[in-house]
Amino acid sequence: MAPLFLSEACRNSIREVWNRVWTRQALMGLLLGQFVSLLITSTGFSSSELARRGVNAPTSQSFLNYLLLAIVYGSIVIYKRRPLQISWYYYLMLAIVDVEANFIVVLSYQYTSLTSVMLLDCWSIPCVILFTWLFLGTKYGFRKFAGVAICVAGLVMVVFSDVHASDRAQGGPNPVKGDLLVFAGSTLYAVSNVSEEFIIKRSTRIELMAMLGAFGAVVSAIQIAILERNELQNVNWTAGAVLPFLGFALAMFLFYSTVPIILKICGATMLNLSLLTSDMWAVLIRICAYHQKVDWMYFIAFAGVTIGLMVYSWSREDKSSEVAKDNEAAGDCNVNLNNC
């Protein structure tokens, strides 16, 4: 009669495989990915609330975040008095791309629904895969593509759920324009993420955020003076308008502070896959806060995205990961910038 329990050798083999596949680094990447996913959900609700109140100042929302980054991390850079490890004009170009990505996506909330924005921004995933393959030499194995496919399939299921159907029915004044803006912004986000992954291996997280914050604040201030000066003067600055502004800035600051760590551990593709669950968290918040009902497909979709993330994390074949490990072995403890 066969034993009802596994032998010691079999248990050791399973434990060895588990420890090799689910390393502390992979698990940390998954947890941090869900943390930034919740943060991006918070920024989405803040932007949606401001749009509902008629506040149309997308660059102004991001300006506070860049100013916080410049003050907090710039102070550290000045205190350490270390020379820049990357030429300043790289940071300037990154800041321009990042500011415009935030501007375009936040602007899209004026024309389309929150759910539409959070669904369509998954376009950044194929863009990131393409850019990292072309410019960073990242190699993706079968399991990587399988993980991406499962994640996207899970998200597509949400599109057909009643929640998203009703949300799209409410829509906005110009859903087509809003959707096109999301596609453009997602492409710029992909460029920004890949650029940060490139910089993070050659500089420090502190320097990256400080310079991104400084140049981002300058670019944003110029754009505000040109495009949003009259809008800000006409805003009725009640608590209902100020709190979403501050909430957006705080969530973005934490987001930017965490993203570089994820880029260092997992790369830009894993970051963007993790952000897919922001749509799931948005629905979950609506269930708890607004007592809305969801279609049963939502739960299957959430499970699908979760499984996809686990499959993607299973195999760490990317060259970017190998470079990160080599840097750590050489004693390079510098993490690097964040984004999104």
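Numbers here simply count residues along the sequence, with the first being 1.
For S62, there are no side-chain hydrogen bond (donor to acceptor under 3.5 Å, both in side chains) partners, not counting sequence neighbours. Residues that satisfy the side-chain contact (heavy atoms from CB on, under 4.5 Å) test with F35, not counting sequence neighbours, are L39, T258. T187 meets the side-chain hydrogen bond (donor to acceptor under 3.5 Å, both in side chains) test with W123; sequence neighbours excluded. For R229, the side-chain hydrogen bond (donor to acceptor under 3.5 Å, both in side chains) test picks out no residue, with sequence neighbours left out. With sequence neighbours excluded, the residues satisfying side-chain contact (heavy atoms from CB on, under 4.5 Å) with F215 are W88, Y91, L92, A95, M211.
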Candidate pair K264 and I261, rule side chain to side chain contact (heavy atoms under 4.5 Å, CB included), full reasoning: CA-CA 5 Å; K264 185 75 172 181; I261 302 174; 5.7 Å; no
Candidate pair N193 and F131, rule side chain to side chain contact (heavy atoms under 4.5 Å, CB included), full reasoning: CA-CA 10 Å; N193 289 159; F131 295 155; over 6 Å; no
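With no hydrogens or angles considered, a side-chain donor-acceptor pair links Y189 and N102 at under 3.5 Å. Judged purely by distance below 3.5 Å, without hydrogens or angles, the side chains of S257 and Y73 pair a donor atom with an acceptor atom. Side chains of E197 and T132: no donor on one and acceptor on the other come within 3.5 Å.
Residue L188 holds its CG atom at 5.0 Å from CD1 of I104, rounded to the nearest 0.5 Å. Taking OG1 of T204 as the reference point, atom CE of M209 lies at 8.0 Å (rounded to 0.5 Å). Rounding to the nearest 0.5 Å places CG of L250 at 9.5 Å from CG of N65. Between the CG atom of L94 and the CD atom of E196 there is a distance of 5.5 Å, given to the nearest 0.5 Å. Considering OG of S124 and CD1 of I129, their distance stands at 10.0 Å, rounded to 0.5 Å. Distance CD1/I206 to CD1/I76: 4.5 Å, rounded to 0.5 Å.
A donor-acceptor pair under 3.5 Å is absent between the side-chain atoms of R205 and the main chain of V259, judged by distance alone. Panel note: side chain Q223, backbone T59; no donor-acceptor pair is recorded below 3.5 Å. A donor-acceptor contact shorter than 3.5 Å links the side chain of N234 to the backbone of N230. A donor-acceptor pair under 3.5 Å is absent between the side-chain atoms of S37 and the main chain of Q34, judged by distance alone. Of the possible polar contacts, one joining the T43 side chain to the I40 backbone as a donor-acceptor pair under 3.5 Å is found. Looking at S203, its side chain never comes within 3.5 Å of a backbone N or O of I199 through a donor-acceptor pair. The backbone N or O of V77 lies less than 3.5 Å from no partner atom in the side chain of R82, so there is not a single donor-acceptor pair. Under the 3.5 Å distance criterion, the side-chain polar atoms of S87 are left unmatched by any main-chain donor or acceptor of Y90.
Within the hydrophobic cluster formed by Ile, Leu, Val, Met, Phe, Trp and Tyr side chains joined at under 4.5 Å, directly or through other members, L246 is accompanied by L50, V55, F63, L64, L67, I71, I224, L232, V235, W237, V242, F245.
Side chains of Q61 and P244 form no contact here, defined as non-hydrogen atoms less than 4.5 Å apart. Put simply, the side chain of L180 does not reach to within 4.5 Å of the side chain of K177, judged on heavy atoms. With a 4.5 Å cut-off on side-chain heavy atoms, V105 and L181 do not count as touching.
L69 and I78 are members of different hydrophobic clusters when ILVMFWY side chains are connected at heavy-atom separations under 4.5 Å. By the criterion of side-chain heavy atoms lying less than 4.5 angstrom apart, applied directly or through intervening Ile, Leu, Val, Met, Phe, Trp or Tyr residues, L130 is grouped together with L263 in one hydrophobic cluster. The hydrophobic cluster containing Y89 also contains Y66, counting ILVMFWY residues as joined when their side-chain heavy atoms lie under 4.5 angstrom apart, directly or transitively. With hydrophobic clusters built from ILVMFWY side chains whose heavy atoms lie under 4.5 angstrom apart, L243 does not share a cluster with L68. If you chain together hydrophobic residues whose side chains sit under 4.5 Å apart, Y79 and V72 never meet in one group.
Annotation: cation-pi pair R202/F198 present, NZ/CZ under 6.0 Å from the ring centroid and within 45° of its normal.
When all heavy atoms are compared, the tightest approach of E207 to P83 is OE1-O, 3.9 Å.
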